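In what follows, a single structure is set out as structure tokens and then discussed.
Residue numbers begin at 1 in each chain, while the letters A, B, ... track the order of the sequences. Just so we're clear, the structure is a prediction, and the values are computed from it rather than from any experiment. Every heavy atom of this structure was used, including side-chain atoms; hydrogens, water molecules and symmetry mates were not.
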Number of protein chains: 2
Amino acid sequence: MNAQPLLNYINKQISLTEGEESFLISKVNHRKYLKGQYIVQQGDICKHECFIISGCTKTFYVDDSGQEHIVMFAIEDWWTSDMGSYITQTPADFNVQCLENTELIQFSYNDKEELYIEIPKLERFFRKIIEKALAASQKRIIKNFSLPAKERYLNFKELYPTIEQRIPQYMVASYLGITKEFLSKIKSQLILEQ
Amino acid sequence: MNAQPLLNYINKQISLTEGEESFLISKVNHRKYLKGQYIVQQGDICKHECFIISGCTKTFYVDDSGQEHIVMFAIEDWWTSDMGSYITQTPADFNVQCLENTELIQFSYNDKEELYIEIPKLERFFRKIIEKALAASQKRIIKNFSLPAKERYLNFKELYPTIEQRIPQYMVASYLGITKEFLSKIKSQLILEQ
DNA sequence: AAATAATGTTAATCTAGTTTAACATTTATT
DNA sequence: AATAAATGTTAAACTAGATTAACATTATTT
């Protein structure tokens, strides 16, 4: 199993002994998904939190009128799951689908809790990751409300500098909460401006 | 110090020994704020995470054009802070202001980390709280995008059933991301409908 | 009880973003 | 290379929600 990217990621913040590393690895699964496959489906219970080794995913929600709303993208070294479903083990609100062939490492709920008990500094490490994710999520809320679509698009390009090249534009529009037609208009305006 | 509401809140999920309870209490401050006072100000570094014993707060952000955007409210048994500022100890994006006289218990960053080291089950407890907050924040993002203002208002009333009576309506509008005039219109429509 | 400040309502006008629809371009499939 | 499928663009008509402004109601202060 190629767990090295995960270990590198963790060792940037804390240091694990060899024993801890192998215990960690014994508790996770390595998996490959093809482009288009679903990691989580709306209505299912989300069994895993996933660390992406390579590839790209989108997390989205289909509303009652059938419209798709993208909540986030994730690429190498990012985490993805439906947090609400994962922590309460209730049906997911979101879908997580692969936009490219994707290789990742899965943490099941129970194995992760065991890991935390065995290696407390891992619990600290994950707590801090979630704190950061919460702070980012709150910032996104205010940006959605206080900024017009053009500014949100510019922010998106800053936050996800490499992703825009990897995904179709209509998904960017969905992430921004606007139609693809309007994003097209914004982009042509931006070209005229400079 | 009246820490009983905090202990009750914690003991709903985990059980602390008397020694742990008194260690916990030795690490926190009890404080009272008057209506109108600020717990955190945009630009300052957020020093504490706060558990509310009584009262009510709003967390808001003032944008470049001077407009106020409310991110959340908090009442008895809820937590409040600027998470982004607190965890990174960098200037806050948000203000937290008391809408009523408010009594709360403050956790400083360093004392909280000490608590976690001394009482690991508290770290687990807080991790789970943050996971829930993150899940709620993600749900709010999709609801903002996928629902029209009228639905968001109905959702607000479900999420904060007691708060609507305690705060002025223009703050509800700010939380919903609409003007007070438009909320007024929505409310009169809802009255006509039933 | 007045007077003032804070909050809430209504209606007209305006605008950011949607919808629809037709067409253009790029990518994948045979 | 040809065709089909997926993605992107443009423009006209439309709508949810903003803005402005005048007025109504409710709290607060004197």
Item to complete: Look at the side-chain N and O atoms of A:Gln169 and state whether any lies under 4.0 Å from the OP1 or OP2 oxygen of D:dA6.
Response: no
Worksheet item: Do B:Ile52 and B:Ile75 have side-chain heavy atoms sitting under 4.5 Å apart?
Response: no
Fill in: Donor on one side chain, acceptor on other, A:Ser108 and A:Asn110, under 3.5 Å
no
Discussion item. Classify the ring geometry of B:Phe156 against B:Tyr153: parallel below 30°, tilted from 30° to 60°, perpendicular beyond 60°.
Written reply: parallel
Worksheet entry | Residue closer to the 5' end of DNA chain D, B:Ile186 versus A:Ser184 (nearest nucleotide) | A:Ser184
Under 3.5 Å, which N/O atoms of the protein pair with N/O atoms of nucleotides 22-29 of chain C?
none

Discussion item. I need the CG-C1' distance between A:Leu183 and D:dT10, as an integer number of Å.
Written reply: 14 Å
Worksheet item: Within the structure shown, what part of the strands sits under 4.0 Å from B:Phe182 by heavy-atom distance: base, sugar-phosphate, or nothing?
Response: base
Fill in: Side chains of A:Cys50 and A:Ser81 in contact at under 4.5 Å (non-hydrogen atoms)
no
Worksheet item: About how many Å separate CD1 of B:Ile105 and NE2 of B:His30, when rounded to the nearest 0.5 Å?
Response: 5.5 Å
Discussion item. Return whichever of A:Lys187 or B:Gln67 has its heavy-atom-nearest nucleotide of DNA chain D closer to the 5' end.
Written reply: A:Lys187
Worksheet item: Apart from A:Val96 itself, which Ile, Leu, Val, Met, Phe, Trp or Tyr residues share its cluster (side-chain heavy atoms under 4.5 Å, direct or through members)?
Response: A:Tyr33, A:Ile39, A:Val40, A:Leu104
Worksheet entry | Side chains of B:Tyr109 and B:Glu114, donor plus acceptor under 3.5 Å | no
Item to complete: Please state whether the phosphate of D:dA18, meaning OP1 or OP2, lies under 4.0 angstrom from any side-chain nitrogen or oxygen of B:Thr179.
Response: yes
Response to the item:
Computed from five pairs at either end and rounded to 10 degrees, the angle between the axes of the helix from C:dA1-D:dT30 to C:dT30-D:dA1 is 50°
Worksheet item: Using 4.0 Å as the upper bound for N to carboxylate O, is an ion pair formed by B:Lys128 and A:Glu113?
Response: yes
Practice prompt. Output the single nucleotide from C:dT18, D:dT7, C:dG17 whose closest atom is nearest the side chain of A:Ala149.
Written response: C:dG17
Worksheet entry | Nearest listed nucleotide, side chain of B:Ser188, among D:dG17, D:dG8, C:dT10 | C:dT10
